[in-house]
Structures are given as C-alpha cells and as structure tokens.
Protein chains: 2
Amino acid sequence: MSRKSTVGLRDAIEQDIVTGRFAPGDRLDEVTLARRFAVSRTPVREALRQLGAAGFVTIQPNRGAFVAEIGPTRLVEMLEVMAELEGLCARLAARRLDPERRNALLEAHRACEGALGSGDADAYYYENEHFHHAIYAASGNTFLAEQARALHTRLKPYRRLQLRVAGRLGTSFAEHAAVVEAILAGEGDLASQRLKAHVRIQGERFSDFMAALRDGERARWDRASRPSVGYIQPPSTT
Amino acid sequence: MSRKSTVGLRDAIEQDIVTGRFAPGDRLDEVTLARRFAVSRTPVREALRQLGAAGFVTIQPNRGAFVAEIGPTRLVEMLEVMAELEGLCARLAARRLDPERRNALLEAHRACEGALGSGDADAYYYENEHFHHAIYAASGNTFLAEQARALHTRLKPYRRLQLRVAGRLGTSFAEHAAVVEAILAGEGDLASQRLKAHVRIQGERFSDFMAALRDGERARWDRASRPSVGYIQPPSTT
DNA sequence: AGCGGTCAAGTTGCATACAATCCTTTTTCC
DNA sequence: GGAAAAAGGATTGTATGCAACTTGACCGCT
C-alpha cells in the first residue's frame, strides 16, 4: 500500500475520498495517514494541501483536514456549473470533431450499450464515466477537458447511487444517443442543450432525493452506503 | 515582508505571480523563497504544492517549481471557458438578481464610468475587475463565482495590457452597459450572449497580438513590461 | 448543581537534518 | 581534440524534533 512519489500519495488519498472510503466530514489525521502509507507526516501534509486547493478537503488552520462536506445547496451549484461545462464540450465537439475523437466517442457509446444490455448497473456506471470523458476530450479544448474532468471527479462521491434508480439506465442511454446524434450531425446548439438537460436531470433527482430526507437520516444513510462494493474502482494501475 | 499563516504565504507568492513580479517560466527556488519570506522550506513547499494544484505553477518532480507558462493555444482555451462561465453568470444574474447584488453591480458599473471619464486606464482596469467580480457574485451561485474568480485571476498576468489599446476603454464600457441593461431587463440569454462576446473580443485581441509576434520577441517584450507599476495591486489588506 | 478556569494530552505548524536526485564540470580515455 | 564517464555542487524529497495551538477533562468556586 506504500506509494513512492508525492503525486501518487495525493492520488491515493483522493481515491479514498472519491470512492467513499473516507466519508464527507471525516477527519484526516496526519499521523494516521502517515502510518497508513508508511511515510512521514511531511509528504502527507503536502498531499493534503493539494487536495485542499483542489476542493476535496477543507483545511482548518491548526485544526486539521476534513473531507469536504458538500451541502445540498452547493451540490446544486456545482451541478449547474457541470451542466454548463459539459454543454460547452458538446457544442465544441459538434463543431470540431476529428476522426480519432469521433471513434473514441462512438466506442464509449457502444460500451454503454453493451453494459445496458447486460443489465449490470455497476458496469454501466463505469462505462458512463468513459462516455462523458470521451465527450470532454472530443471538445478539442484540453483545458476545458481538464476542468470538466476535475469537477466530474469531485462530484463522484455524490453520484454513486444515481443510476440505481429503476429505469434510469435506459433513459440515460437514450439521452446519450441523442447527444451523440446531435454531435455527429454537427448541431452544436442542440448537442449542448441535450447534454445540459442530461446532466440537469441527474441533478434534479439528487436534490429531490436529498430534500426528501431530513439531515440526520441522510447522514446515516450516507454512511451506511459508504463501503458499498468497488464498482467505482477502475482496474488498479498500481 | 514576513507572513504568518501558510495561507498568507500562498497568497503572497500567488500575488507575485499574478502581478508579474515572477514571469511565466521563472524558476521558483525553495530556499530563495524561504529566505525572501523569512520562513523555512517546509511552508514554502506546501504553498508551492497548493499553487501547483491551482495551476499557477507547474511542478516537475525532483526539478522544482516553475511559474506556469500558458502558451497561445492554452490561453485561447482558457478564454473559451472563461467566456462560458461569465456567460452563465450573466444568465443567472438576469434570472435571480436580488436588490443587494443589483446595487453592487450598478455601483461597480458606475465606478467604471468614473474611471473612463478620468481617462485613467489603470483605474479602469481596476474597476473593470470589480465589475466582473460583481457579475460573478450576482449569479447567486457561490461555487460558480469562485470558479470564475479563480480563472479570472489565473488569466490576470495575460490581461495586463489589454485595455491599453486605443479606444478599447470606451468600447469596453459600452459592452458593459449592454450587459447590465440585459441583466436588469431579466433577459438572461441576451445578457449571456453579450458578456460572452465581451470576453471573446478580449481573447481575439490577445491571439491576434500574440500571433503577430514571434516567440522570442514576445518573451522579451513580456519580460520588459513585467515590473510595470502596481496598478493591479489592490489596497494591501495586510 | 452549575459555571468558570486551569492543566494536560494530543495534534498541527515550522525548522532543521539527512538522503536522493539532478546538473555541471572536469577528468580521463580513445 | 573530442566524447564519455565520473565527481562535485546544488537542489529537491523525506524524516524527525520542537514549539504553538486546540481541546477535553478535572478541579475549585459561586
């Protein structure tokens, strides 16, 4: 479990946050993390500061680092920005799609189709990620793709159960298909509009869901569902 | 020149980058910075890692930190995203403007008018920042405002000479006025469209300008204009 | 019993020492 | 004389020790 470079350490902790091993609000003790990764406190501190700058943890001076808690309000705000960024990706992709990116996009889309056919929600979740990443890349705007990807990752802990809702998989895939169609047709505005709607639908399901629960219940529910299997885990690159 | 908290140190170095005291590509030596701020290397390293995560510096393992160099391509990419974020700010502002934010926006706009009247390009530059920040805040989306502000700051070193072009001040203000009008009228799409165009015009001037210079000349010119007065410096809050 | 203050344990912030890596220069061999 | 290799210097990466701060508990006081 030991990492070599400091960037590896940062990514390792980030993964533990993104996959839910560390729940929002959890305290990230420096010495505990240091022991866990078999390094001293210094690289741990540097990693935590980076995660703080990226928004994954909040650092309270002299009091430590905590996994960032994203309240319902801020979550909706982030999804609003996410929708806009994805919309821009789609618009640009429709305008400037090159053959290589076009193939990657179609391949990701077909992979989603395969996962849908198998009825495996976890597999679809994973292919869905690839699909969105393919759209980011298809924009041809590296910076935009990085930003979209970063925000996508930050939202990951809160999207884990999104697609488990009954019937959502099929709807999601149909929306994907409509986006792909618009992109291939070069209809930038339409593609943007459709992808924005696709993201917003997830956001609305979210806020509905969270609003329906009182805070205590939500916290308990969050925590209970935390160690839920590794369907987010990509094939380990270690 | 000594700072107390680590966040203060981060901000101090960031300021030195943003205001151009450190030019893109400059090496940021840890011991030099440590001496400069009268601290040890440890807090300097933590600050540099944070700046790396925020995109202000690029960190090469075992080789040090350098002020991020933003090439013409990436600059255009960043401006494309900036335009979209600002456009979203304007759209949301038109939809949800509350009296307090409305007043702040109008006040910032009038301050621009004052600076324009005085013909002071530096003053206009400063008030222009306030105006854009007021629009970010007027969106009512805290996360969006933070993102827009962060990107705005990252682009600051490359915007320093934007408004010095003859006649640009007046045009800029007219564009501002059109945006404000649309926001007050509740015309979200129009406000978004106008603000996007406003940002894009700056971007096009940029790329025209940079394309007209070969790289060597541009680097020299960048460096020569670097220590140019402190018209960016806000009233120090130290 | 309730409230306030003091003290102790634990954690973070910073400084310094050491190890590892990189870059430059010099030396040596062909 | 040129090129490759090695040594030296310099810089970054990591570990550890100490000081400062926060926090919780215990004790005394009203």
Could you give me the CA-CA distance, side-chain angles and deciding distance for A:Glu46 and A:Arg10, then say whether salt bridge (Lys or Arg N to Asp or Glu O under 4.0 Å) is met?
CA-CA 8 Å; A:Glu46 289 177 0; A:Arg10 195 211 99 118; over 6 Å; no
Take atom [atom1] of [X] and atom [atom2] of [N], then tell me their distance rounded to the nearest Å.
X: B:Leu33; N: D:dT12; atom1: CG; atom2: P; result: 9 Å
X: A:Arg10; N: D:dG13; atom1: CZ; atom2: C1'; result: 18 Å
X: A:Phe37; N: D:dG13; atom1: CZ; atom2: P; result: 19 Å
X: B:Asn62; N: D:dG9; atom1: CG; atom2: P; result: 21 Å
X: B:Gln60; N: C:dC22; atom1: CD; atom2: P; result: 12 Å
X: A:Ile59; N: C:dT11; atom1: CD1; atom2: P; result: 17 Å
X: A:Phe66; N: C:dT11; atom1: CZ; atom2: C1'; result: 11 Å

Could you tell me whether the phosphate oxygens of [N], OP1 or OP2, come under 4.0 Å of any side-chain nitrogen or oxygen in [X]?
X: A:Thr42; N: D:dT14; answer: no
X: A:Arg35; N: D:dA15; answer: no
X: B:Arg45; N: C:dT16; answer: no
X: A:Arg27; N: D:dT22; answer: no

Candidate nucleotides [options], ranked by approach to the side chain of [X] - the nearest:
X: B:Arg41; options: C:dT12, C:dA17, C:dG13; value: C:dA17
X: A:Asp29; options: D:dT22, C:dT21, C:dT11; value: C:dT11
X: B:Arg63; options: D:dG13, C:dC14, C:dC23; value: C:dC23

Test salt bridge (Lys or Arg N to Asp or Glu O under 4.0 Å) on B:Glu86 and B:Lys196 and set out the steps.
CA-CA 7 Å; B:Glu86 296 220 18; B:Lys196 276 203 258 188; over 6 Å; no
Distance-minimising heavy-atom pair for B:Ala123 and B:Ala115:
C-CB, 3.8 Å
Are B:Tyr136 and B:Gln147 close enough that a side-chain donor and a side-chain acceptor fall under 3.5 Å?
no
Could you check A:His109 against A:His130 for ring-ring contact (aromatic ring centres under 6.0 Å, His included), going step by step and ending with a plain yes or no?
CA-CA 9 Å; A:His109 184 51; A:His130 277 302; over 10 Å; no
